[in-house]
Number of protein chains: 2
Amino acid sequence: MISKKTKYALKALGYLAEHSTGEPILISELAKEENIPRKFLEAILVSLRKGGILKSKIGKGGGYMLAVPPTNITIGRIVGILEGGFALVECLNDNNVEVVCVECGDPTCCGIRLVMGDVKKAIDSVFESTTLADMVERSELARQHKSKIVDFSI
Amino acid sequence: MISKKTKYALKALGYLAEHSTGEPILISELAKEENIPRKFLEAILVSLRKGGILKSKIGKGGGYMLAVPPTNITIGRIVGILEGGFALVECLNDNNVEVVCVECGDPTCCGIRLVMGDVKKAIDSVFESTTLADMVERSELARQHKSKIVDFSI
DNA sequence: ACAAATGCCTACCTAATCTATAGAGATAGG
DNA sequence: CCTATCTCTATAGATTAGGTAGGCATTTGT
C-alpha cells in the first residue's frame, strides 16, 4: 500500500503539471484544491524539492514549480522519494544495497528473495515507464470519455 | 514492503513443502527450524488454515500439514491471506471492492488509481504465476548451483 | 478415566510508523 | 520596514506491526 504521503505527492504534482504557467503556485492553493492538510503538504513538497523534482521561490510571489518537465518525471522516481525506495523486502531495497534480511539466511539462496525480485522487476517496469505526464493525460482522457457518455445520455 | 508475518508464512510453508511426509509437523519444530517466534507463528498458521492452505491435527501426534499440494498454492494466495489482499491503494483492494479512496474524487478518473491499477496487474501476474513449489525449487536450485561453485573453487 | 501432548483462542503490551499540527525563523518583494 | 511566502524543528495523536502470556479444547496412549 502506498502511503497518503505518496498519494498527496502525486496529487500535488499532478496539479502542478496541469496548471503550470511558469508562475509559482502557492502551497495553500495546492492544499486547498487537492484537499491536502496544509502543513503535511509542506513537508512533502520539501522532500520533492530535495529530490530534485520541484523548485521553490521564497517570499512574496513565491511558491512551487516543477523543476523538470512532467514527461521526464517517472512515477517510480516520485514513489522512491516519498517511500524511501520502494521494495518488497529489505534486501531488495535500491538505496540500501548492503542491507540483508535477517530472515534470508543466505540471500543468494532465499526463495522469498528470488520471487520478490521478480515482483520488484514487474513493479519497476511500470513505475519507470510511466511518467507524471502520462498519469495526468490518462486522467484527462478518462474525464473526457466520461463527459462524452454523459452528453449522449442527456 | 511485505510484513514479517508474510515472510514467516512463506518460510514456514516452504519448510512444510520440503519436509512433507504425510505426517503432521509441530509448530515448535517449524518455529525452531525457521527461526520464527513461536507464539507469533501460531497466529500465522491459524490464518493460513482458515485460508484453506493448511490443515491441522490437534492432540498428541498432531501438528500442521499442507491442505493443498505446493504446486497449487500461488504466492499471491499466501500474500493475500496474510496481508489481507495485496493492493497499492485502498480502492484497488480485491476484498473490499466498494472501498473508495477519499482522495480519488471520481475513482474512474483518478490518475493515481489508473496507474496503480497497472502496477497491481504487474504484481498479480507474478504472484499468480508463481507457486510455493516454484519458490522452493528455485531456492533449491540456487543452493545446488552455489555448492557446485564451491566444489570447483576447492 | 486420566495424563500428556498438542493446537486454539482471547487478551494484552510495546515500539515503530504514519498522519497531522504548531510555531518560530529565514527570505524576498515592494 | 512590512507582508507574503517558504523552511525548519519539535511534537502529539492514531494506527499498525511485532511479539507475548495464559488458559482452553481436543486427541491419543495407557
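Labels below follow one simple rule: chain letters A, B, ... track the order of the sequence lines, proteins then strands, and each chain is numbered from 1.
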Integer-rounded Å distance: dC18(C) P and Lys7(A) NZ: 14 Å

Rounded distance in Å - CD1 (Ile25(B)) to C1' (dA5(C)): 17 Å

Candidates dA26(C), dA20(C), dT26(D) - which lies nearest the side chain of Pro37(A): dA20(C)

Separation of dA21(D) P from Leu41(B) CG (nearest whole Å): 16 Å

Tyr8(A) backbone acceptor or donor facing Glu34(A) side chain under 3.5 Å: no

Rounded distance (Å) that lies between atom P of dC6(D) and atom NZ of Lys39(A): 11 Å

Arg49(A) side-chain N/O to dT7(D) phosphate OP1/OP2 under 4.0 Å: yes

Distance below 4.0 Å between Ser56(B) side-chain N/O and dT6(C) OP1 or OP2: no

Polar side-chain atom of Ser129(B) near backbone of Val126(B) as donor-acceptor pair, under 3.5 Å: yes

Any donor-acceptor pair under 3.5 Å from Glu128(A) side chain to Gly76(A) backbone: no

Phosphate OP1/OP2 of dG19(D) contacted by Tyr8(B) side-chain N/O (<4.0 Å): yes

side-chain N/O Tyr64(A) vs dT7(D) OP1/OP2, d < 4.0 Å: yes

Between P of dC18(C) and CZ of Phe40(A), the distance in whole Å: 9 Å

Touch class at under 4.0 angstrom, heavy-atom based, for Leu26(B) against every strand present: sugar-phosphate

Whole-Å gap separating C1' (dC8(C)) and NZ (Lys57(B)): 17 Å

Atom-to-atom span, NZ of Lys55(B) to P of dT6(C) - whole angstrom: 19 Å

Spacing of Lys5(A) atom NZ relative to dT15(D) atom C1', expressed in whole Å: 16 Å

Under-3.5 Å donor-acceptor pair between Lys60(B) side chain and dG7(C) base: no

CD1-NZ distance between Ile81(B) and Lys5(B), expressed to the nearest 0.5 angstrom: 12.0 Å

Side-chain donor or acceptor of Arg49(A) paired with backbone N/O of Tyr64(A) under 3.5 Å: no

Glu42(B) (side chain) and dC9(C) (base): donor-acceptor pair under 3.5 Å: yes

